[in-house]
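One structure below.
Scope of the values below: all heavy atoms of this structure, side chains included, with no hydrogens, waters or symmetry mates. Predicted model only: the values in this text are computed from it and were never measured.
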Amino acid sequence: MKSSLELYSYINAKLKTRLDLFIKKENLNNAIQAKTLIESFLPLRSTPFEILEKIYSSTGDLKMAEAELFAMELNAYLEVISLVEEPLTSFVRALARGPEIEHVKNTIRLWFDAHVRGRSIDDRTVYCYRGPTIDSFNINKILSANNTDEVIQEFLNTSYFAVIKECLPNVVKLGTLFELETALDKLYYALLEQACKNLPRSDISIAQKFIALDVDIENIASLVRLNTFLGLRNTDIEKYLIQYEDAVSVKSLKTLYASENIPAAALVLLGKKYAGLASLWSRGDLSSKLATLERVLREMRNMEARKLLAGNPFSIGIIIAYFILLGDEIVSVRTILNAKYYGLSEERIRSIV
Amino acid sequence: MIFTVPMKLLYAAILAKDVQTVSDELLKLGVLDAVSVRELSEIGTKLKAQEQDPELDTIKELRRRVEGFLQLAPMRIARPDPSVYVGTPVPSSKDIEKQFDTFASQITGIRERQKEIQEQILKLDEIRRQIELYKAGGTEIFANSAFLTVKSGTVNESSWTAVEKALSSLPVVIIPGEQALNNTRFIVVVMLKRDESRVIALLQKYGWSEQIKQAIDTTATANLLADLENKRKKLTATLDECAQSFNRLFEDHGSELAEIWSKLRAAELSGAIRSSFAKTASTALITGWIPEKDMDRVEKGIRTASNNCCYIEWLTVEDAEKQGLKPPTEIKNPHVLAPFQTLVTNYGVPQYGAIDPTAFVAISYLTMFGLMFGDAGHGLVLCIAGLLWFLRSKKNNSSTTLGLLIVYCGISAIISGLLFGSIFGYALLPPLWFPYHRIINGEPVTVGGVRSVYDILGITIKFGMIVLGTGLILNWINLARKKNWITLVFDKAGLVGGWIYAAGAWVAFYFVNHNYKALPPVSSLLFLLIVPTCLLALKAPLEHIAEKKHGSQHASHVHESRAMRYMNYFMEWIVSILEVYSGYLANTLSFMRVAGLGIAHVSLMTAFFQIANMVNPTHGFSIVSLIILIVGNVLVIALEGLSAGIQSLRLNYYEFFSKYFNGTGRAYSPITIKAK
């Protein structure tokens with residue numbers, strides 16, 4: 001295997017330069033303070049997001065701009081894949097499964113809405129991503145599929161075939177996609193763990209720590225959703241949680257589920273370093289609390305990303321940190337633009353971003 | 001140009017009723033670098049600041065907002081000179097805000113219209129995708145599709161034109177039948193499922209009667225797709241009309257917005273000046289730095305604006321410094337030196353009263369660049385590139401500094417290219433100084449004073465000594481102007497430091513000239529080096545004595561024991577010795593990189609020539625050789641140009657500036673309405 005210097009010197013230097021081009025806090029602040037949606041695009045000029053203004057000004061359609069954001073994220077992964085070599089390629093491919101699985105979930109959700117719930121979806125299908133992905137599948141055929149077999153067949157040559165084949169018929173019967181989505185999330189972490197084992201020895205622990213944190217965040221978010229929206233009993237939640245060796249155990253999570261204030265308890269469970277974030281949870285109504293929780297969880301990932309950036313410059317940490325911060329930046333931009341479209345107050349926007 | 005602009009501190013007291021007129025006048029003059037009266041130690045703490053105009057923040061916000069609108073404009077909208085609006089009343093901020101909200105909602109309206117059209121385009125695209133999906137599968141387009149609805153039926157023949165017109169604005173495609181039967185026309189309509197009820201309701205007005213589904217053959221599919229394409233083109237044309245509405249909006253309102261910006265800007269700056277005043281019950285106090293040359297017109301302006309109801313006093317810099325106020329630094333140079341002024345201010349702002357290093361940087365930077373990049377042809381390319389950059393920057397209203405700098409570097413390279421006889425690496429002209437290429441390529445040179453690489457290295461070292469010596473002299477001048485005599489004489493960059501450096505240089509040349517075998521006599525070394533080295537030790541104790549005398553002893557020295565003090569003196573002396581001997585040596589040898597880069601420049605060109613010859617041994621014309629030479633020249637210009645530029649900057653910043661430049665000044669920043 002090549003040395004860390006040979007593997008990482010080029011790509012990490014490139015990604016660190018890219019990080020310098022990320023939107024400055026001042027620009028995000030100006031976008032939040034803008035009075036209207038049109039004016040909120042101005043601080044994005046001279047940033048990689050200035051294309052969003054071009055799309056919006058030529059179509060008037062904010063959803064098209066949002067679709068472009070997804071394309072930007074996925075293309076970032078594909079670009080890095082083309083620039084690295086093994087064993088990094090496999091790991092970055094596994095990381096790229098994250099947004100790809102979201103794309104798969106979105107596609108299946110649309111099909112589900114159309115064919116199971118009988119809703120009209122053609123106002124949403126036009127915004128579906130149709131560009132290159134890791135595993136190719138024909139989204140048009142999936143959306144037009146008449147039954148589950150046709151949907152499953154479209155995923156035949158993808159890594160998701162087995163999971164979709166196993167879960168899709170059942171979710172159609174149950175009328176909820178939660179089980180399939182959880183199974184896809186579990187597949188994501190399994191693929192990630194598998195790719196992680198081929199990394200240089202010094203990088204394995206870094207990657208595993210990141211995976212563990214991600215699993216913890218995912219499980220906590222799931223617990224809150226299960227409690228808030230599905231009201232499941234403690235005994236029924238295990239199959240919806242992701243097991244990972246270095247993450248918080250399922251047993252602890254079940255104990256957590258029983259507590260009155262899940263997020264606050266979760267943050268304590270995760271460690272003192274995040275305890276300060278727990279105070280953010282206490283304010284607001286349910287929807288703002290959930291938005292705050294998401295913000296807190298994002299902030300935890302960002303904290304870890306910043307630590308990785310300050311660490312060994314010739315390690316997988318830089319690549320992981322880049323994608324975490326890129327994802328966060330994209331979420332911030334999307335949130336601000338949507339908030340401006342719906343006329344949310346500046347204070348409300350700041351509580352989410 | 002050589003020294004920073006002399007300043008004076010203005011103290012003025014005016015009546016409260018004249019605050020607005022005086023602040024407007026000061027804004028028009030544009031030379032006041034305001035000092036908050038509260039910074040003055042004696043009386044400042046007893047004064048209140050002039051009440052901040054509550055509207056000021058709103059005005060700032062509105063100004064930023066209208067700047068945003070002007071940025072949205074598809075064309076450049078010229079803004080009137082704000083100075084025209086100084087003193088004129090600004091419309092109420094509520095009215096301006098209302099105007100802006102109306103303007104924003106007009107833009108939003110256009111965007112909403114665009115969105116509606118875009119949705120229709122997307123629907124047509126979706127229909128196309130579905131049709132092509134089924135076309136590829138060879139399946140008839142029937143209503144099994146989750147997205148499409150296909151309806152076939154008849155409408156009244158007499159209503160056919162009206163039906164066509166009504167459906168033309170909807171995202172549907174129609175396949176008309178070829179013949180009218182029984183005064184009806186058979187049509188097939190393909191639409192998205194969600195539009196079905198709307199379309200059918202429309203068709204029913206024209207006598208719609210649904211018929212049994214029929215298959216759509218290949219020709220019909222082709223007609224469908226053609227119809228789709230036509231509709232899409234029409235919608236795209238409508239989108240273009242929306243874009244033109246957007247442009248017209250700015251054509252109609254752009255100048256109005258620009259005028260509002262100018263008014264707001266004038267009001268904002270006037271408010272900024274007013275907020276720096278202090279107030280008593282019925283007066284306002286103004287304090288600020290003014291360039292000495294502007295004293296008379298500022299005094300005249302204040303007196304006129306206040307109808308002579310004012311008191312004005314001018315303080316010198318020395319008196320102001322006694323009150324703890326530091327003057328700002330303004331450096332003024334001809335526009336032709338603008339790039340070098342930027343290089344200086346990027347490093348730091350010179351202290352007030354110090355020498356403005358811009359002119360010296362211009363000479364040293366360009367000389368270094370020329371020595372590293374000595375080729376007339378390459379210099380010409382740089383000149384052209386710099387000129388294009390300059391013109392482009394001017395067109396875009398952005399800074400022309402970089403373009404100018406590249407042009408100057410090009411000129412310097414042309415001059416040195418002629419001195420070395422190098423044009424695109426060829427010795428097309430005899431060198432005016434020495435044949436650089438021949439020396440580097442190992443050819444014998446028997447004429448002139450420069451005959452070997454060592455001679456070239458010697459030139460750069462001597463050049464470095466001149467630069468460092470100039471730095472020392474500038475430092476002495478600065479210290480003399482500040483009357484800092486102890487530092488001037490005994491500092492490592494003072495006269496004693498200069499003595500050691502000059503002596504060290506003489507000893508080094510003596511050693512070299514005696515074939516590296518003999519040093520000067522001990523008595524000479526004693527006087528040249530040992531004596532000044534010992535004199536360095538006097539700096540710390542003399543400074544301590546001076547501090548005690550002026551009562552300005554540093555807090556840490558007050559309770560220091562004698563032993564500790566002597567230890568400190570000793571340590572400072574040792575450090576000074578190390579800094580002088582190793583520092584000056586390193587600084588001087590650093591200039592060898594000038595030779596190094598010049599040699600690299602020649603070597604790269606030689607390498608490309610050899611590659612070109614290898615490809616074409618007959619030395620006749622060859623396209624491949626030509627390409628190699630062109631690519632080589634481009635690479636050398638780009639890489640060497642960048643290297644030479646960066647190294648010249650480094651030598652100036654680190655070697656030259658470290659001898660005299662004290663970048664602790666505060667830039668002069670008057671509140672002015674004039675565009676910079």
Side-chain angles (χ1 to χ4, degrees), chain A residues 26 29-31 33-46 50 53-65 67 110-128 130 138-147 150-151 154 340-341 343 346, chain B residues 61-62 64-72 74 97 100-101 103-134 136-137 139 144-149 171 191-197 236 239-240 242-243 246:
Chain A
E26 194 197 327
N29 207 35
N30 290 340
Q33 285 175 338
K35 297 274 184 221
T36 61
L37 173 61
I38 304 147
E39 293 162 82
S40 68
F41 279 106
L42 289 169
L44 302 182
R45 287 190 180 181
S46 304
E50 67 180 344
E53 191 196 349
K54 289 192 174 81
I55 292 172
Y56 182 71
S57 48
S58 59
T59 64
D61 192 346
L62 185 61
K63 284 189 192 149
M64 288 204 73
L110 286 172
W111 175 85
F112 192 80
D113 269 353
H115 292 269
V116 177
R117 291 185 178 147
R119 292 176 189 165
S120 169
I121 60 165
D122 30 69
D123 56 336
R124 288 178 280 164
T125 59
V126 293
Y127 302 110
C128 287
R130 287 175 168 85
N138 191 322
I139 182 172
N140 296 326
K141 284 191 176 170
I142 293 170
L143 294 173
S144 307
N146 293 308
N147 51 53
E150 285 180 25
V151 173
E154 283 308 317
K340 285 293 160 191
Y341 181 77
E346 200 179 305
Chain B
E61 218 23 72
L62 289 173
R64 280 195 207 117
R65 203 173 168 200
V66 73
E67 276 174 2
F69 287 135
L70 292 171
Q71 278 180 49
L72 282 173
E97 184 127 23
F100 288 169
D101 288 340
F103 188 73
S105 66
Q106 283 176 306
I107 297 178
T108 305
I110 294 172
R111 294 285 178 249
E112 288 295 318
R113 175 87 186 109
Q114 279 176 295
K115 189 183 164 193
E116 283 165 16
I117 297 163
Q118 181 66 23
E119 274 174 3
Q120 297 204 42
I121 291 175
L122 291 175
K123 281 183 189 179
L124 291 178
D125 287 344
E126 188 62 32
I127 292 174
R128 173 183 215 102
R129 262 196 290 273
Q130 295 299 317
I131 289 170
E132 281 175 352
L133 198 63
Y134 283 91
T139 314
N144 284 337
S145 163
F147 302 94
L148 295 184
T149 292
M191 67 205 110
L192 289 176
K193 275 205 161 138
R194 60 177 155 149
D195 295 322
E196 184 181 342
S197 50
T236 310
L239 259 186
D240 291 339
C242 287
F246 181 82

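Of the atoms belonging to N30(A), not a single heavy atom falls under 4.5 Å from chain B. Using a 4.5 Å cut-off between heavy atoms, S57(A) touches chain B through backbone and side chain atoms alike. For chain A, the nearby parts of T108(B) are the backbone and the side chain; heavy atoms of each come within less than 4.5 Å. Residue T36(A) touches chain B through its side chain alone, counting heavy-atom pairs closer than 4.5 Å. For A243(B), no part lies near chain A; criterion is any non-hydrogen pair under 4.5 Å. Using a 4.5 Å cut-off between heavy atoms, R119(A) makes no contact with chain B at all. For E67(B), no part lies under 4.5 angstrom from a heavy atom of chain A.
For the pair R45(A) (side chain) and Q71(B) (backbone), a donor-acceptor distance under 3.5 Å is present.
Across T59(A), D123(A), L42(A), the residue that shares the most heavy-atom pairs under 4.5 angstrom with chain B is T59(A). Top candidate by heavy-atom pairs under 4.5 Å with chain B, chosen from K63(A), R130(A), Q33(A), M64(A), is R130(A). By number of non-hydrogen pairs under 4.5 angstrom with chain B, the leading residue of I121(A), N138(A), L62(A) is I121(A).
Side-chain contact between R129(B) and V126(A) is present, with at least one heavy-atom pair separated by less than 4.5 Å. With contacts defined as side-chain heavy-atom distances shorter than 4.5 Å, the pair L72(B)/E53(A) qualifies.
The line from CD of Q118(B) to CD1 of I55(A) is 10.0 Å long, rounded to the nearest 0.5 Å. Atom CG of D61(A) is separated from atom CD of E116(B) by 11.5 Å, given to the nearest 0.5 angstrom. R111(B) contributes atom CZ, which lies 9.5 Å from atom CG of L37(A) (distance to the nearest 0.5 angstrom). Taken from NZ in K123(B) to OG1 in T125(A), the straight-line distance is 11.0 Å, to the nearest 0.5 Å.
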Check step by step if side-chain contact (heavy atoms from CB on, under 4.5 Å) holds for Y127(A) and L122(B).
-> CA-CA 9 Å; Y127(A) 302 110; L122(B) 291 175; 3.8 Å; yes
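Here the closest heavy-atom approach between residue E39(A) and residue A104(B) is recorded as OE2-CB, 4.2 Å.
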